[in-house]
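This report concerns only the one structure given below.
Just the heavy atoms: all of them, side chains too, but no hydrogens, waters or symmetry mates, feed the values below. Owing to the predicted nature of the structure, the values given are computational and were not obtained by experimental measurement.
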Amino acid sequence: MALLLGVDTGGTYTDAVLMRDEAEVVASAKALTTRHDLAIGIGEAVAAVLAASGAVAGEIGLASLSTTLATNALVEGQGGRAGLVYIGFREADLATHGLREALGGDPALVIAGGHGHAGAEAAALDEAALRGWLAAGTGAEAYAVAALFATRNPAHELRAAAIIREVTGKPVSLSHHLSAKLGGPKRALTALLNARLVGMIARLIDRAEGKLRDLGITAPLMVVRGDGALISADQARARPIETILSGPAASIVGARWLTGAGHALVSDIGGTTTDVAVLRDGRPAIDPEGARVGPWRTMVEAVAMRTFGLGGDSEVHLAEGLGGGLRLGPRRLVPVSLMALEAREVVHEALEAQARAAAPSEMDARFVRAVPGMEAGGLAEREAMLLARIGAEVWPLGAVLRNRMDHGALARLVRRGLVQLAGVTPSDAAHVLGKVAVWDGEAARLALDLLARRRVGSGERLAEGPEALAAMIVERLTHQTALALLEVGFAEEEADFDLPPEVLAGHVLMQRGLGPHRGLVRIEAGLNVPVVGLGASAASYYGAVGARLGCEMILPEHGGVANAIGAVVGRVVIRRAGVVSVPAEGRYRAHLENGPEDFSDAEAAMVALEAVLSAEARDEAEAAGAVDVQIAVRRELKEAEAEGRRVFIEAAIVVEAGGRPRVAAG
């Protein structure tokens, strides 16, 4: 029987698991995630699981990867410089759906062109303007193209892509390849984010494949998509945006396999994020509005999941106001206890020196280092100078920041992924409390002692020593996790409570009811379904979360590697969608990749579109390595009543091709 290898790169750990024909876990292993080069951690985790199992690399017939890289990059505002070509829209349309904020200063060109709702050309494509913009130089590593009604006729997107490749040779993401839905600005945002991720994901896959070959593993590499399905490495290179929520989606597939749960919340805590989804009848729902990651609502089909900037490595902030207190995230920091493993002398000397200072500083227990091997082109002078000052060493933050302008430069370097910050995190608190003992616990204690000396708005110390502060941090993580679970619960409730889910979760009545409250009024509240807690640190924190919410907390064996298990047991699924419209009475138009095609009969138009979409989906599923491909077709008809008869308005055709991935002979 062939062995199957699943790998998941999380924010802190990279997990590897070996399974035998999806029937049993043979062995699992963890390695620290090497964020500057994720493939190093992948290689270490795979080598460890091979050693733990005694398996021969040549026996592995399938390798599958789930990764938080795309998700974390979008949450943290990272990624390559991308150029947007916006065809047929107005300059003002850049302000919709957060498109201008997503650009963040990256180049954009708005030019004439595009099509109408029925697929007819609305205006000629301004090729001269596009060529001139490209020739002037944009500094973009990849490009996104979105044209008006490109899902009804993609001709201008295809032509613009050909010109971009001719002039620049750079990768191009087309909006109609990522979604068949209307909504130009949202499709443009999705294509822009895809372009930003292209280089990052391609480097990861190339390096991961190289590491597997070095270890003697020749099996094809699959990648988990955001809906939990598998795609080939080449498909992930072309459409990296589809791997957002890849890790969380794999965790849900893994949670189902581990527990058999039919109706539950699944909460996966990583280093950077906590990802929460609902299982109904054993299946996760697909988000009908598209995946939301950080501030961005995309058109990517993904599990209906909410991602919160809350994890074991979340930054600990002092809350504002007289009452003081703490809040966590959304930014991830390298835990001080982990940084001390790599630079013990620097970290300990700095912490001890800061402890001797007469007064605490906001830069206490904070460190900075450059990420080796990252492309640092296109930096402004101040960022370049600061990056050079940091060099290849670990530094106390106060040693490299010399004025306020340096603070802004550092923030921009962090957003580009060129620099990492270290500071106090829940992982450090867990070391102080003895919940874990894998990194430098003494460095964690020194760091928390420094932070505890800080003064809150009332003038009082934040906490009386490192243990007290550690307890506060864990309590805050418990509180924010409970809020996240309640928010998802309210969001997925069938009943309408007339308030946003996040407001309901934090409402005073809800929070008092968790007590529960007993006075003149009796208030009881909590979750009415079990929670499956996943992630390496779930066992450290989630028992208290279950008690807070009054629900069963399921912490399955192998839950710390659920993502890697999900990467193995998933299926290849390719979806293709298209539309049949009615441009004029008696004419039915199938909107195809090579342009609209008209028919005199609605059924004929739908059958023709189904045939094209089925062929495309089957070909792509087989290209992804699927065997025994099955095709399912769904029609979504829009009709109206007119003079006593049903009138055809529009039909959306969705085709799904699915099968198990091919397993190579061991």
Side-chain angles (χ1 to χ4, degrees), residues 2-19 25-73 197-225 230-238 240 243 246-247 250 270-271 338 341-342 371-375 417 420 536 560-561 563-568 570 624-625 661-666:
L3 292 176
L4 312 177
L5 171 67
V7 180
D8 173 71
T9 65
T12 303
Y13 284 109
T14 294
D15 302 331
V17 64
L18 272 179
M19 299 185 67
V25 175
V26 176
S28 64
K30 289 180 178 287
L32 283 172
T33 293
T34 45
R35 286 173 70 92
H36 66 283
D37 184 350
L38 294 175
I40 295 174
I42 290 172
E44 291 174 350
V46 173
V49 83
L50 287 172
S53 65
V56 177
E59 297 176 346
I60 295 174
L62 177 71
S64 187
L65 172 69
S66 73
T67 176
T68 61
L69 179 61
T71 306
N72 291 348
L197 294 169
V198 163
M200 184 181 290
I201 293 292
R203 286 189 293 271
L204 169 62
I205 292 172
D206 290 346
R207 293 278 292 128
E209 288 180 327
K211 284 290 181 183
L212 294 180
R213 285 194 299 271
D214 291 345
L215 291 167
I217 298 170
T218 58
L221 179 65
M222 308 294 287
V223 180
V224 181
R225 204 169 55 195
L230 303 181
I231 54 177
S232 71
D234 285 342
Q235 290 165 335
R237 286 186 182 94
T243 69
S246 162
L338 177 55
L341 281 187
E342 305 174 24
V371 179
M374 296 294 289
E375 174 58 47
Q420 284 184 314
V561 292
N563 295 26
I565 290 172
V568 171
R662 182 180 295 107
V663 177

Heavy-atom pair with the smallest gap, counting every atom of [X] and [Y]:
X	Y	result
I201	P240	CG1-CB, 3.4 Å
A567	G6	CB-CA, 4.4 Å
A31	E44	CB-CB, 3.8 Å

Nearest-0.5 Å distance, [atom1] of residue [X] to [atom2] of residue [Y]:
X	Y	atom1	atom2	answer
R213	L221	CZ	CG	10.0 Å
L204	E209	CG	CD	9.5 Å
M222	I231	CE	CD1	8.0 Å

Does [X] reach the side chain of [Y], with side-chain heavy atoms less than 4.5 Å apart?
X	Y	answer
D37	R207	yes
L3	M19	no
L32	L338	yes
R203	L38	no
L69	M200	yes
L18	I60	yes

query: Quick one: do D214 and K211 make a salt bridge, cutoff under 4.0 Å?
result: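 No salt bridge links D214 with K211.
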
Identified side chain to side chain contact (heavy atoms under 4.5 Å, CB included) partner of L5 from the options V17, I217, V26, L215: I217

task: Please determine which of I42, V224, L212 meets the side chain to side chain contact (heavy atoms under 4.5 Å, CB included) test together with L65.
output: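 Among the candidates, only I42 passes.
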
- request: Using the side chain to side chain contact (heavy atoms under 4.5 Å, CB included) rule, take R237 and D206 through it: C-alpha gap first, then chi angles, then the decisive distance, then the call.
  value: CA-CA 9 Å; R237 286 186 182 94; D206 290 346; 2.8 Å; yes

Are [X] and [Y] linked by a side-chain donor-acceptor pair shorter than 3.5 Å?
X	Y	value
T67	S246	no
T14	T9	no
D8	S66	yes

message: Does V223 form a side chain to side chain contact (heavy atoms under 4.5 Å, CB included) with L230? I'd like the steps, not just the answer.
response: CA-CA 6 Å; V223 180; L230 303 181; over 6 Å; no

Show the atom names and distances, to 0.1 Å, of all donor-acceptor pairs under 3.5 Å that link a side chain in residues 45-55 to residues at least two apart or in another chain.
from : atom 1 : to  : atom 2 : distance (Å)
S53  : OG     : V49 : O      : 2.9
S53  : OG     : L50 : O      : 3.2
S53  : OG     : A55 : N      : 3.1

message: Going by side-chain hydrogen bond (donor to acceptor under 3.5 Å, both in side chains), name the residues that satisfy it together with S64, two or more places apart in sequence or in a different chain.
response: none

